[in-house]
Number of protein chains: 2
Amino acid sequence: MAEGRTRRRGKDLLDAIHTAAVEEAAASGPGRLTMDAIAKRAATARTTLYRRWSDPVDLLLDALAALHPVEQPAPGADDLRGDLIASLRLMVDWGFSPAGRAVMALLADPARDPAVVEALWERVFDRRGGTFTQTVLRHYAANGIVDPDRLTPVVLDIGEAMVAKRILDTGEAPDDDYLAAVVDQAILPALALPHRDR
Amino acid sequence: MAEGRTRRRGKDLLDAIHTAAVEEAAASGPGRLTMDAIAKRAATARTTLYRRWSDPVDLLLDALAALHPVEQPAPGADDLRGDLIASLRLMVDWGFSPAGRAVMALLADPARDPAVVEALWERVFDRRGGTFTQTVLRHYAANGIVDPDRLTPVVLDIGEAMVAKRILDTGEAPDDDYLAAVVDQAILPALALPHRDR
DNA sequence: TGCGTTAGCTACAGTCTTGTATCTTATCGT
DNA sequence: ACGATAAGATACAAGACTGTAGCTAACGCA
């Protein structure tokens, strides 16, 4: 932040490197991620990176873990449908952030290292309370509006799966009509609740 | 095939190159796909590749289009649930074939070129009659067992989406129990048909 | 204020990939 | 059997990335 400085240290520098790593991964994919490119984007020297990390993916995992956590859905009192749509909207927004793109690319990499994926779950996802629609569904189950027995792993993941596949297929962010269709035609029926057709 | 030959030509060579390209893409991901690696795997010279293709992705698209089409579900007369599970099993098998891995990686590449994705759809998918559960669902709709009005784009894609996300998450092939859970807990409820709980 | 830490810079050898050029010769069609 | 085609092999310069080394000097702390 300070203008007079010519040399960043500690957190300032770390933040810059983390941001650069995630942006670079989001732009090039983990397959093309190189120390060189991260260093250039962060405007630092490669040697600085090698002092802390041994390879680009190691760095990227650190960066993803350090980044601001994903926004959490805040379920209201009495609008299950609206809250589900809102939580999917949050997911879409995250999916199109650099971090989201980087994570998707890491997961879809055919050469992915199971250890890397495990580290991703431990260091990035497990800190969060759960996935997007999951938070909402558990809230309404706790309030007696949704049958808790219906909340199987499959059902808890319907919304996320539909949105993820849609993003993969189209490469674009689904609009609210699509999210509403997912809620009305897939999630709510699985909860055995009344829902609008089509 | 003939043993005496020391030099492949035409279709023999082309098949070898196509196979090598898909296997290489499945092993390394499109980001790390190089002419060099394809040539080595196909045991041919790089110059041979450059005579026909200008870059690795171009070659890969040709290879995917040339490969044997995906096996199609063959719905029976009266077992919607079983046929849905079987069609998802076909999808899982395809997803773990080299071609399936290559396609997933292409779609998830953050640096993906929209033109490449479009070419993929045109040259690889559009030839097929539709997706996996889609074929089954349309069959049973035509036979009056499923309400055709329920077969919205969202509903037609539930199975594929759930399986795709599961593969992304775990990196492993879902077992039959999981596929059955998807059918019972997500697809059948969306069709408003009786289904087994959990 | 002085000292330890470490960011930033430059350099280097080694490897991999690219795209092109050149030459030989196996293969196929006639 | 001949001739056109194209596979296969080798070479090359250019560029990118790696991993390491060594130096300088800015920064933070006591």
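Order of the sequence lines sets the chain letters (A, B, ...), proteins ahead of strands, with each chain counted from 1.
Regarding Y50(A), its OH atom lies at a distance of 16 Å from the C1' atom of dC9(C), rounded to whole Å. Rounding to whole angstrom units, CG of residue L49(A) and P of dC9(C) are separated by 12 Å. In this structure, the CZ atom of R46(B) is 11 Å from the P atom of dT20(C), given to the nearest Å. The interatomic distance linking L14(A) (CG) with dT6(C) (P) rounds to 12 Å, in whole Å. One interatomic measurement links the two molecules: CH2 of W53(B) to C1' of dT18(C), which rounds to 17 Å at whole-angstrom precision. When the P atom of dG19(D) is taken as reference, atom CG of L59(A) falls 13 Å away, rounded to whole Å.
Put simply, the side chain of R112(B) gets close to the backbone of L107(B): a donor and an acceptor are under 3.5 Å apart. Using a distance-only test at 3.5 Å, with no hydrogens or angles considered, a donor-acceptor pair links the side chain of H139(A) to the main chain of G76(A).
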R8(A) vs D15(A), test: side-chain contact (heavy atoms from CB on, under 4.5 Å). Steps then yes/no. CA-CA 10 Å; R8(A) 297 159 298 178; D15(A) 284 351; over 6 Å; no
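Taking the C1' atoms of five terminal pairs at each end of the helix from dT1(C)-dA30(D) to dT30(C)-dA1(D), the two resulting helix axes are inclined by 40°, rounded to 10°.
Screening L191(B), T131(B), I145(B) for a side chain to side chain contact (heavy atoms under 4.5 Å, CB included) with L137(B), the sole residue that qualifies is L191(B).
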Treat primed atoms plus P, OP1 and OP2 as sugar-phosphate and everything else as base, then score nucleotides 1-8 of chain D 5' to 3': B for base contact with protein heavy atoms under 4.0 Å, S for sugar-phosphate contact only, - for none. ----BBBB
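We find that E160(A) and K165(B) are not joined by a salt bridge, their nearest charged nitrogen and carboxylate oxygen being 4.0 Å or further apart.
A 6.0 Å sphere centred on CG of D175(A) holds more than 12 heavy atoms belonging to other residues, nucleotides or ligands.
For the residue pair V136(B) and P73(B), the shortest heavy atom distance occurs at CG2-CB, 4.0 Å. Across all their heavy atoms, A25(A) and L33(A) have their closest contact at N-CD1, 3.7 Å. In terms of heavy-atom proximity, D109(A) sits nearest to S28(B) at OD1-O, 4.2 Å. Shown here for Y140(A) and D79(A), the closest heavy-atom pair between the two residues is OH-N, 2.9 Å. Among all heavy-atom pairs drawn from V182(B) and G159(B), the shortest one is CG1-CA, 4.2 Å.
Within residues 31-41 of chain A, no residue has a heavy atom under 4.0 Å from DNA chain C.
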